[in-house]
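First the structure, in the form of structure tokens, and then the observations on it.
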Amino acid sequence: MINNSTIITESPLKTGIGRYALNLYKLGFFEHLMHLSYTGKSDFNEYIYFTKHWKINVLTSYYFGGVYKDYVKRYDYVFASSPSHFHLVKYNKNMAGTILDFSPIKYPPTRSLKSWFLKNLKYVSKLKGVVTISDHIKDEAKKMFRDLEFTTIHLWIDNEKFKIRDKTEARRKLNLDDEKIYLLNVSGDVPRKNIDLLPRIMNKLDDRFVLIRIGESSRILPYFNDKKKIIALNNVPDDTLPLYYNASDFLIHTAIYGGFEYPFIEAMFSDLKIMTFDTPISREVLRDKGIFIPLLDKDSPDEWVDHIMKYYDKRIDYGELKNHYLPERAKKEYEDFFKKIEWI
């Protein structure tokens, strides 16, 4: 345990960043975890915010500190789960953090978010240490900050939560048809997730196939020719999510960029086949265990449909690869990192 320490996150628990913060907290190094919210909303038990307006909150935090400054000044050690809080190193010099990816620059949802991300990256050199969650992101970081050192620590998973279960029983609990072939997609609706491809894929498959889409889907729903071929779920209870992996026949992950991608290891531990674009991060995480689609045309469904028809009834043996994504490996690597920056 690091004395008088806290992890701060700027994202809700249901997001990848929020989940990463909680998982890091559960490794047992930090005394506290706090959501320093810029939207004024949270799904954490505890959170701090100034107003309900994102722009006012980020400007207050960046230029004046406000309640966000007051929080980080309470602690001897502060770990930021993403760059959005890196500027708070102005108020606590003993701060480290993580860069999960550079999507706010490469695929920005808005110009404001891109600008905010770039403002915070200016403070990378002030941190005691920086973790990247993949070697691919580490390489991107080193191109931007040639004189700085970054430490790659891959993500990990709760292997008691995501595990192999009986498919028929999982489908019974979820009221799913045992005769259908279910394709699972779990992601947000942001540009890099490329979910516009999903209706194009489903419109070319016959009615044996059904897409289970977990995440905001309202924008793409009108493009499905047959609405019976999609089950759209925006919010799934935490204890129910693993069952959808167990009940499915494929994870189809259409993202064109990412820092790691949690669904890869969720599917892996559930013994679910993974189909994804052939990107540096998918190769780094899955090695040779994925079904890879060449990223020649991000909008074309043809290769996806061909591969789904070819592999839907096949198995993939993940073997020893699962061991790399257990909490024990991550805990040892974080312990080494914290020793290196002299926090323990």
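No hydrogens, no waters, no symmetry mates; every other heavy atom, side chains included, goes into these values. Counting from 1, the numbers follow the sequence of the chain as shown.
- Other residues, nucleotides and ligands contribute at most 12 non-hydrogen atoms within 6.0 Å of the CG atom of Asn45.
- Under 3.5 Å, the side chains of Thr51 and Asn57 contain a donor-acceptor pair of N or O atoms.
- Side-chain N or O atoms of Thr132 include none that pairs as donor or acceptor with a backbone N or O of Ile99 at under 3.5 Å.
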Using the rule given for side chain to side chain donor-acceptor pair (under 3.5 Å), can you reason through Ser282 versus Glu284, listing the C-alpha separation, both sets of side-chain angles and the distance that settles it, and then say yes or no? CA-CA 5 Å; Ser282 64; Glu284 182 175 340; over 6 Å; no

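- When side chains are defined from C-beta on, Tyr334 counts as touching Trp156, because their heavy atoms get closer than 4.5 Å.
- Although no hydrogens or angles enter the test, the distance criterion places a donor-acceptor pair under 3.5 Å between the side chain of Tyr318 and the main chain of Leu272.
- Cation-pi geometry between Arg165 and Tyr245 is not met: the NZ or CZ atom fails to fall both under 6.0 Å from the ring centre and inside 45° of the normal.
- For the residue pair Thr98 and Tyr20, a side-chain donor N or O sits within less than 3.5 Å of a side-chain acceptor on the partner.
- For the pair Lys229 (side chain) and Val210 (backbone), a donor-acceptor distance under 3.5 Å is absent.
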Starting from the C-alpha separation in whole Å, work towards a yes-or-no answer on salt bridge (Lys or Arg N to Asp or Glu O under 4.0 Å) for Lys143 and Asp139. CA-CA 6 Å; Lys143 289 176 183 176; Asp139 291 342; over 6 Å; no

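- Side-chain rings of Tyr38 and His85 approach one another, their centers coming within less than 6.0 Å.
- Lys69 forms a cation-pi arrangement with Tyr91, by the criterion of a distance under 6.0 Å to the ring centre and an angle within 45° of the ring axis.
- Note: Tyr47 and His35 have tilted aromatic rings, judged against thresholds of 30 and 60 degrees for the angle between ring planes.
- Residue His253 holds its NE2 atom at 14.5 Å from CD1 of Ile291, rounded to the nearest 0.5 Å.
- Residue Lys55 qualifies as open at atom NZ: its count of foreign heavy atoms under 6.0 Å is 12 or below.
- Sorted by first then second residue, the salt bridge (charged side-chain N to carboxylate O under 4.0 Å, His left out) pairs that include residues 89-101, not counting sequence neighbours, are Asp101-Arg192.
- A donor-acceptor pair under 3.5 Å links the side-chain atoms of Thr15 to the main chain of Pro12, judged by distance alone.
- Here Asp278 pairs with Arg283 under the salt bridge (charged side-chain N to carboxylate O under 4.0 Å, His left out) rule; sequence neighbours left out.
- Ring planes of His87 and Tyr62: tilted class, angle from 30 to 60°.
- Of the charged side-chain nitrogens involved, none lies within less than 4.0 Å of a carboxylate oxygen, so that Glu149 and Lys142 do not count as a salt-bridged pair.
- A salt bridge links Asp302 with Lys204: the distance from a Lys NZ or Arg NE/NH1/NH2 to an Asp or Glu carboxylate oxygen falls below 4.0 Å.
- In this structure, Lys73 fails the cation-pi test against Tyr75, since its NZ or CZ atom is not both closer than 6.0 Å to the six-membered ring centre and inside 45 degrees of the ring normal.
- Tyr244 has its side chain out of reach of Tyr182: every pair of non-hydrogen atoms, C-beta onward, lies at least 4.5 Å apart.
- With hydrogens and angles disregarded, a donor-acceptor distance shorter than 3.5 Å links the side chain of Ser37 to the backbone of Thr39.
- Relative orientation of the Phe102 and Phe117 rings is perpendicular, given thresholds of 30° and 60° on the angle between their planes.
- Not counting sequence neighbours, Lys41 has no partner by the salt bridge (charged side-chain N to carboxylate O under 4.0 Å, His left out) test.
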Please test Lys331 against Glu335 for salt bridge (Lys or Arg N to Asp or Glu O under 4.0 Å), starting from the C-alpha separation and ending with a verdict. CA-CA 6 Å; Lys331 185 168 185 176; Glu335 181 180 5; over 6 Å; no

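- Annotation for Asp178: atom CG counts as buried by contact number, over 12 foreign heavy atoms lying within 6.0 Å.
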For Asp313 and Ile181: C-alpha separation, side-chain torsions, deciding distance, then whether side-chain contact (heavy atoms from CB on, under 4.5 Å) applies. CA-CA 9 Å; Asp313 59 349; Ile181 302 167; over 6 Å; no

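- Taking 4.0 Å as the cut-off between side-chain N and carboxylate O, Asp189 and Arg219 count as a salt-bridged pair.
- Ring planes of Phe145 and Phe150: tilted class, angle from 30 to 60°.
- In this model, no donor atom of one side chain and acceptor atom of the other lie less than 3.5 Å apart for Lys298 and Thr254.
- Here Ile231 contributes atom CD1 and Ser217 contributes atom OG; the two are 11.5 Å apart, rounded to the nearest 0.5 Å.
- Linking Ile, Leu, Val, Met, Phe, Trp and Tyr residues whenever their side-chain heavy atoms come within less than 4.5 Å leaves Phe337 and Met1 in two separate clusters.
- Under the ring pair (Phe, Tyr, Trp, His ring centres under 6.0 Å) criterion, Tyr107 pairs with Tyr257, sequence neighbours left out.
- The side-chain heavy atoms of Leu148 and Ser125, taken from C-beta on, include a pair separated by under 4.5 Å.
- For the pair Trp54 and Tyr49, the minimum side-chain heavy-atom distance is 4.5 Å or more.
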Between Ser187 and Arg213, is the side chain to side chain donor-acceptor pair (under 3.5 Å) condition met? List the steps. CA-CA 8 Å; Ser187 72; Arg213 161 73 188 153; 2.9 Å; yes

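- Checked by atom type, the side-chain pair Ser115/Ser112 shows no donor-acceptor distance below 3.5 Å.
- Nearest heavy atoms, Thr279 versus Ile256: CG2-O, 4.0 Å.
- In this structure a side-chain-to-backbone donor-acceptor pair under 3.5 Å is present from Thr60 to Ile56.
- One distance of note links CD1 of Ile153 with CZ of Arg329; it measures 8.0 Å at 0.5 Å rounding.
- Each of Lys167, Lys273, Lys180 was checked for a side-chain hydrogen bond (donor to acceptor under 3.5 Å, both in side chains) with Asp249, and the lone residue meeting it is Lys167.
- Panel note: side chain Glu303, backbone Val305; no donor-acceptor pair is recorded below 3.5 Å.
- Using modelled atom types, one side-chain atom of Asn120 and one backbone atom of Trp116 make a donor-acceptor pair closer than 3.5 Å.
- With Asp271 as the fixed residue, the salt bridge (charged side-chain N to carboxylate O under 4.0 Å, His left out) test singles out one of Lys289, Arg315, Lys163: Arg315.
- Residue-environment remark: CZ (Phe209) exceeds the threshold of 12 foreign heavy atoms within 6.0 Å.
- Residues Glu266 and Ile157 meet the side-chain proximity criterion, which asks for heavy atoms closer than 4.5 Å.
- Salt-bridge check for Arg171 with Glu179: failed, with every basic side-chain N at 4.0 Å or more from each acidic carboxylate O.
- Heavy atoms from other residues, nucleotides or ligands lying under 6.0 Å from NE2 of His53 number 12 at most.
- Remark: Asp306 does not engage Lys310 in a salt bridge, criterion side-chain N to carboxylate O under 4.0 Å.
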List the atom pairs, donor and acceptor, that lie under 3.5 Å between side-chain atoms in residues 25-32 and the rest of the protein, sequence neighbours left out.
from	atom 1	to	atom 2	distance (Å)
Glu31	OE1	Asn4	N	2.9
Glu31	OE2	Asn4	N	3.3

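- Under a 3.5 Å cut-off, the side chain of Asn246 and the backbone N or O of Ala170 do not form any donor-acceptor pair.
- Applying the ring-ring contact (aromatic ring centres under 6.0 Å, His included) rule to pairs touching residues 265-299 yields Phe277-Trp304, sequence neighbours excluded.
- Between Asp226 and Lys228, none of the side-chain N atoms (NZ, or NE/NH1/NH2) sits under 4.0 Å from a carboxylate O, so this pair counts as no salt bridge.
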